[in-house]
Amino acid sequence: MWTTFFSITTQAWQYYGFTDAQEGENAISLLSIIFMAGMIVLSIPVMAAFEKYGFKKAVGFGVVLTGICAIVRGVFGDSYTAVLVATVGFAVAQPFLLNSPGLHAGSVSSSKQ
C-alpha cells in the first residue's frame, strides 16, 4: 500500500486538488512516510500487545483494522483527507501483520525443542 502513488505522484496530487507542485508532492510523499514511521514507532508497543493479548487477538486486530481502512480508502478514495486517515490506520495495522510471522515461527520452533 505504501508504494501506491510512487509512479503517479504528479497525477495524484493534481487529482486531489493541490495546485502547488511542492505542496502536492509533499502531501503524496507523506502517505508513504506514514507507513515507515508507523512501523518504526509502533513495532515495540505492538510486541507488547502480542504478549498481553496473545497472537490471535493481536493479528486479528491488525486484520480488522486493515479491512476497515481498505473500505474507507475504497469508498472515499477521492478525498485526500480520507486517504490520509486510512493510511494512518494501515500504518497502525501494519506491525501487527508484518511482525507476526517471526513471532509465530519462533513459537513453533521453541515448542518443538
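Atom set for the values below is all heavy atoms of this structure, side chains included, hydrogens, waters and symmetry mates excluded.
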How far does CG of N99 sit from CE of M47, to the nearest 0.5 angstrom?
-> 5.5 Å
Heavy-atom nearest pair, G62 first then T66, reads O-OG1, 2.8 Å
Roughly how far, to the nearest 0.5 Å, is the CG atom of L31 from the CH2 atom of W13?
-> 15.0 Å
Donor-acceptor pair, S43 side chain versus I40 backbone, under 3.5 Å?
-> no
Listed by chain and number, what are the side-chain contact (heavy atoms from CB on, under 4.5 Å) partners of Q14, not counting sequence neighbours?
-> T10
Are Y53 and F55 linked, directly or through other ILVMFWY residues, by side chains that come within less than 4.5 angstrom of each other?
-> no
With sequence neighbours left out, the residues meeting side-chain contact (heavy atoms from CB on, under 4.5 Å) with A58 are F50, F96
List the atom pairs, with distances to 0.1 Å, where a side-chain N or O of residues 21-30 and a protein N or O form a donor-acceptor pair under 3.5 Å, not counting sequence neighbours.
from : atom 1 : to  : atom 2 : distance (Å)
Q22  : NE2    : N26 : OD1    : 3.3
N26  : ND2    : Q22 : O      : 3.3
S29  : OG     : E25 : O      : 2.9

side-chain contact (heavy atoms from CB on, under 4.5 Å) with Y15: which residues, sequence neighbours excluded?
-> D78
side-chain contact (heavy atoms from CB on, under 4.5 Å) partners of I8, counting only residues at least two apart | F5, Q11
For F18, all residues meeting ring-ring contact (aromatic ring centres under 6.0 Å, His included), sequence neighbours excluded = Y80
Common cluster, L65/V46, ILVMFWY with side-chain heavy-atom separation under 4.5 Å = yes
Please determine which of I33, T4, I34 meets the side-chain contact (heavy atoms from CB on, under 4.5 Å) test together with T87.
-> I34
For the student: nearest non-hydrogen atoms of V83 and G77, plus distance | CG2-O, 3.6 Å
Joint cluster assignment, V75 & F90, ILVMFWY side-chain distance < 4.5 Å | no
Side chain proximity check, R73 to V85, heavy atoms < 4.5 angstrom = no
Atom of A91, atom of L42 and distance for their closest heavy-atom approach | O-CD1, 4.0 Å
Say you draw a straight line from CE of M36 to CD of Q94; how long is it, rounded to the nearest 0.5 Å?
-> 9.5 Å
